[in-house]
Amino acid sequence: MRITKALIVADPWIEYLLNGTKDWEMRSSGASHRGWFGLIRKGSGAVHGVARLVDVGAPLTPEQMITNFAHHRIPESMIRSGEVAKWNTPWKLADVQRLARPVPYRHKSGAVTWVELDEAAIAGLAKQLPETGQAADLSHTSSPSRNEPSDQVKVDIRQRGSKLYIDVQWDDGEPEPASKNKAVATTPMPKAAAARPSTPAAASSPATASSSGRTIGEVVLTEGNIANNHIYLRSFFDRFPADAVGGSNKAALARRELTVDWGGGEPVQTDLDGSKKFFRARGWIGAFFKQNRAKAGDRVIIDETGPYCYRVRLG
């Protein structure tokens, strides 16, 4: 199979595709392409999977979007807020396969949605495709549709200590997850923490399989957790990836962030505080406690749903 083009998809949406929990990719317009293509994890510089685009549906109303949550995984709160109003066209995928090894590609200037792959990347994909068990086929390539998304580029320059960071972002025609610098609405960060609570009782059993992912640990909530909007991860902290663990403050952020699905709003992007051993971003935790009417003594369960992707739920 020769695949010559790939689609850029951001987290957590690409992970939902690769782990089989969604099969629609919501975009702001239609597409002329049909057939096989690669799946690029946005910002990674590599193709992480392949899929077939089998159909493009008509734009959906908000109510239709909510009804079809299982296909696209966009939370109802995002839909009702109007935040994803323009991403209402379902690109319907089939035969999604995660590659055993991500394939690097050369990103061409100006490519923000579809990427024409270089020969090295095409060859790298071809070497792995027999491992997916897919029948041989040629990807169908056609000229871009006038209805496909246009390019919009934003540049953000900021300084942290003595280092200057330049962040180039683009509108690639898909809904964005919550930004790591954007607090979750309705739940502001507490201005000051109360006295340090006593160490909670926590389960330390080995990781176990759950219905969609694997459970890596659970913890019993204390009054201090409820009051200060945090969840202790101490008893299973070593089950998180080491490069997602940072220092004791925001000046020592980890190299990678986790995507946390807490079940009631946008997935949260956060690293881990290696000193206190809990999620650094905590604004969402108060909303999680309120939504689930959590109280001291309740169990919080952490599931790993994919690489750097987790689900938090009440047991």
Side-chain angles (χ1 to χ4, degrees), residues 11-12 43-44 156-167 177-205 207 215-262 264-290 294 296 298-314:
D11 277 314
S44 71
D156 178 36
I157 302 176
R158 64 188 185 279
Q159 185 171 3
R160 183 184 298 161
S162 60
K163 296 182 178 181
L164 188 67
Y165 292 81
I166 301 176
D167 184 22
S179 168
K180 64 182 179 181
N181 295 319
K182 176 182 176 183
V184 176
T186 74
T187 313
M189 290 288 286
K191 294 182 179 179
R196 182 182 298 273
S198 57
T199 303
S204 57
S205 57
T215 298
I216 64 169
E218 61 181 62
V219 62
V220 177
L221 293 175
T222 68
E223 293 288 357
N225 295 143
I226 302 294
N228 296 301
N229 294 339
H230 53 52
I231 300 170
Y232 290 121
L233 310 172
R234 295 169 180 165
S235 62
F236 49 93
F237 198 73
D238 60 348
R239 293 173 189 163
F240 291 99
D243 57 353
V245 179
S248 60
N249 55 57
K250 292 183 178 180
L253 296 175
R255 288 180 295 165
R256 292 288 301 265
E257 289 187 325
L258 308 177
T259 298
V260 181
D261 180 358
W262 57 279
E266 301 176 33
V268 174
Q269 304 283 309
T270 180
D271 69 335
L272 298 166
D273 185 321
S275 174
K276 303 178 183 69
K277 291 184 169 51
F278 52 49
F279 296 114
R280 189 183 306 281
R282 293 185 289 152
W284 60 275
I285 296 179
F288 170 76
F289 288 159
K290 183 177 180 180
D298 286 345
R299 292 182 306 120
V300 172
I301 298 172
I302 312 294
D303 298 326
E304 182 181 36
T305 58
Y308 298 92
C309 292
Y310 296 85
R311 177 177 58 243
V312 178
R313 58 189 172 93
L314 215 59

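Between the side chain of Arg239 and the backbone N or O of Ile216 there is at least one donor-acceptor pair closer than 3.5 Å. Side chain of Lys277 to main chain of Gly274: a donor-acceptor pair is present (N/O by atom type, distance under 3.5 Å, no hydrogens or angles). Here the side chain of Asn249 pairs a donor or acceptor atom with the backbone of Ala251 at under 3.5 angstrom. Judged by distance alone, with hydrogens and angles left aside, the side-chain atoms of Arg282 form a donor-acceptor pair with the main-chain N or O of Asn228 at under 3.5 Å. Side-chain N or O atoms of Thr222 include one that pairs as donor or acceptor with a backbone N or O of Gly224 at under 3.5 Å. A donor-acceptor pair is defined here as one N or O able to donate and one able to accept, closer than 3.5 Å; no such pair exists between the side chain of Arg255 and the backbone of Gly246.
Using a 4.0 Å cut-off between charged nitrogen and carboxylate oxygen, Asp271 and Arg256 do not count as a salt-bridge pair.
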Worked check of side chain to side chain donor-acceptor pair (under 3.5 Å) between Asp303 and Thr215: CA-CA 4 Å; Asp303 298 326; Thr215 298; 2.7 Å; yes
Where do Val260 and Trp284 land on the side-chain contact (heavy atoms from CB on, under 4.5 Å) test, with the steps shown first? CA-CA 10 Å; Val260 181; Trp284 60 275; 3.9 Å; yes
Please evaluate residues Thr305 and Asp261 with respect to the criterion side-chain contact (heavy atoms from CB on, under 4.5 Å), reporting the C-alpha separation (whole Å), side-chain torsions for both, the decisive distance (0.1 Å), and the verdict. CA-CA 9 Å; Thr305 58; Asp261 180 358; over 6 Å; no
Would you sort out whether Phe237 and Phe278 count as a side-chain contact (heavy atoms from CB on, under 4.5 Å), showing the intermediate values? CA-CA 8 Å; Phe237 198 73; Phe278 52 49; over 6 Å; no
Stepwise, does the side-chain contact (heavy atoms from CB on, under 4.5 Å) test hold for Val312 with Phe279? CA-CA 11 Å; Val312 178; Phe279 296 114; 4.2 Å; yes
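Aromatic pair Phe240/Tyr310: centroids less than 6.0 angstrom apart.
Relative to the ring axis of Tyr232, Arg234 places its NZ or CZ within 45° and under 6.0 Å from the centre.
Remark: the Gln269 side chain and the Thr259 side chain contain an N/O donor-acceptor pair separated by less than 3.5 Å.
Nearest heavy-atom pair, Ser275 versus Ser248, reported as atom, atom and distance to 0.1 Å: CB-CB, 3.7 Å.
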